[in-house]
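Order of appearance sets the numbers: ligands from 1, and atoms from 1 within every ligand.
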Amino acid sequence: MPVSAMVINLRKETDMKRRDFLYSSGSCIAWPLLAGGCALPVTNMRNAVDTPEKRKRYLHDMLKTLCTDSGPRWAGTPAYDRGIGIIKREMERSLPQAAFDCFIFTRWDLSGETELRVGPVRIEAYASKGSPETQAAGITGPLSVVEKGVLYQINDSVSSAKTGWLTVSKFGRAVPVLYGQEKMEGLPAAGVGMQDVTVLDRACADKTPVTLRFKRTITEQAHTCSVAGTMPGREKAEVLFMAHADTNYNTVGAHDNTASLITMLMLAHTLSGTQPRYTFTFLATSAEEVGSYGAQHYVRARKEQGTLGNIKLFVNFDSLTYGPDLQLQTLDASFQDLLIRISSDLAIQGTPKAIVQAPDIDGEPFAREGVRGININSRGYTWTLPLWHRPEDTAEKIPSELVENNFLVFSEFIRRIQQENV
Ligand SMILES: [Zn+2]
């Protein structure tokens with residue numbers, strides 16, 4: 001099936017909406033309903049994260065639950081659904097309103113392994129997310145260089161027509177990348193590791209045939225949910241924090257993006273029992289890894305509700321633990337300046353860097369609607385990036401001091417944006 005058809009149908013469905021309501025009201029049916037949500041018995045969670053020791057414990061416990069005790073939280077899978085349920089319950093501990101934002105999408109799954117052989121030698125590979133599958137016997141033929149060390153093509157042994165692609169990871173071993181329909185011309189594609197480039201180059205030179213084989217399944221009407229929790233403020237003007245809750249199909253994604261998601265939950269807990277000036281919403285999105293479908297759906301839902309305009313700014317956390325240097329991606333210099341100032345005032349280790357570029361990925365659907373905001377990523381450690389989209393991206397690899405620093409920076413950010421007119 002062409003991958004253009006894999007583009008999610010971000011449909012609005014009344015039955016889906018009804019179900020969302022039932023989900024969100026299930027645990028608080030006896031409590032008086034507020035507009036757009038329901039009142040929950042909120043305990044004061046501020047004291048659960050009010051010291052560095054407690055925050056370290058909270059991080060550890062949540063990483064254990066969401067990563068160590070879980071499989072990959074690939075959108076549409078039971079592991080994802082369990083994870084997002086846990087995240088919703090965490091939000092309900094501090095925020096009076098928490099509700100799922102569910103949608104239907106076309107789900108791609110790898111069935112079994114990705115098999116790649118150069119001659120008789122097996123090489124590690126991961127099918128690209130959304131790629132068409134190979135023929136059952138695999139595609140076999142000589143390899144040629146498209147861009148040395150970056151991109152290779154497999155050619156048919158008889159007709160020498162192009163039959164598939166191999167893309168080399170930028171950071172280390174093989175990773176599944178998102179399939180590009182136009183670039184890949186509808187042919188199967190898989191990711192390979194940097195360490196195998198010499199083997200591939202040799203195969204090109206001596207015409208050793210390579211074989212790529214994998215199967216995938218498509219679920220047309222897959223169901224998944226983001227979750228949004230809100231602390232109403234004295235003003236309608238809203239600040240939206242978000243972090244994607246899904247992972248790639250081959251990893252539990254501790255760095256990408258669980259640790260940052262947990263940081264966001266800790267920030268939500270700091271507002272427990274308070275009435276801030278602004279309304280704060282914390283959004284854990286689904287299906288970022290397959291094309292930011294959760295963020296797109298949420299923007300659309302808020303637009304239809306007529307409340308998208310309330311969002312004064314968004315802050316998108318994506319992988320804040322790769323190193324101490326936050327990367328601040330926005331065209332809006334005021335947020336960069338504020339975060340750089342905060343980092344310096346608090347004497348936080350690391351050098352925040354302004355990336356003058358419009359927010360992409362989960363920030364893109366908001367930015368496209370004219371909502372001001374920022375995407376945040378990080379750099380600074382050489383050993384973390386090779387974990388990106390890899391099975392080795394596990395809980396014990398999270399530098400907890402970076403999570404603590406990020407918590408301090410963004411709690412101060414929450415305080416200052418309500419004082420200064422950013
Ligand atoms: Zn991510």
Side-chain angles (χ1 to χ4, degrees), residues 8 59 62-63 66-67 70-77 79-80 83-84 87 105 108 126 128-130 169-180 191 224 226-227 240-265 282-298 314-323 325-330 355 357-367 373-381 384-395 397-399 402-403 406 410:
I8 191 169
L59 171 70
M62 289 298 288
L63 280 174
L66 292 172
C67 294
S70 170
R73 300 189 315 281
W74 181 236
T77 62
Y80 176 84
I84 202 72
I87 292 157
F105 71 117
W108 179 98
Y126 281 106
S128 299
K129 302 178 277 185
S169 167
K170 289 187 290 222
F171 300 125
R173 293 176 63 181
V175 296
V177 294
L178 196 55
Y179 187 78
T224 193
S226 304
V227 62
L240 178 86
F241 280 91
M242 63 175 158
H244 72 86
D246 64 316
T247 70
N248 232 295
Y249 69 74
N250 63 336
T251 177
V252 295
H255 282 274
D256 180 15
N257 184 37
T258 316
S260 305
L261 174 70
I262 296 169
T263 308
M264 185 180 85
L265 292 173
F282 300 88
L283 172 66
T285 60
S286 183
E288 185 271 350
E289 294 289 3
V290 291
S292 292
Y293 299 156
Q296 288 170 30
H297 187 267
Y298 183 80
F314 71 84
V315 179
N316 179 31
F317 287 173
D318 197 344
S319 309
L320 308 190
T321 47
Y322 285 141
D325 308 330
L326 292 180
Q327 295 202 310
L328 313 170
Q329 183 196 351
T330 179
I355 310 272
Q357 194 185 313
D360 53 7
I361 51 169
D362 270 4
E364 195 275 338
F366 291 87
I374 186 165
N375 270 5
I376 306 181
N377 197 300
S378 62
R379 289 292 185 270
Y381 293 157
T384 48
L385 286 179
L387 300 171
W388 177 70
H389 290 184
R390 288 286 311 170
E392 300 82 24
D393 185 9
T394 49
K397 313 262 172 62
I398 295 299
L402 294 187
V403 173
N406 293 330
F410 290 98

Quiz item: Got an N, O or S from D256 under 2.8 Å of the Zn ion (ligand 1)?
Solution: yes

Exercise. Give a yes or no answer on whether the side chain of S226 reaches the backbone of S286 with a donor-acceptor pair at less than 3.5 Å.
Key: yes

Quiz item: If you take all heavy atoms of S260 and H255, which pair is closest and at what distance?
Solution: OG-O, 4.4 Å

Practice problem: Tell me whether E288 has at least one N, O or S atom under 2.8 Å from the Zn ion (ligand 1). | Solution: no

Exercise. For side chain to side chain contact (heavy atoms under 4.5 Å, CB included), just list the numbers for D318 and H244, CA-CA rounded to whole Å, side-chain angles, deciding distance to a tenth of an Å, and then say yes or no.
Key: CA-CA 7 Å; D318 197 344; H244 72 86; 3.3 Å; yes

Quiz item: Between NE2 of H244 and OD2 of D318, what angle is found at the Zn ion (ligand 1), rounded to 10 degrees?
Solution: 90°

Quiz prompt | Main-chain N/O of V290 paired to Y293 side chain as donor or acceptor, under 3.5 Å | solution = yes

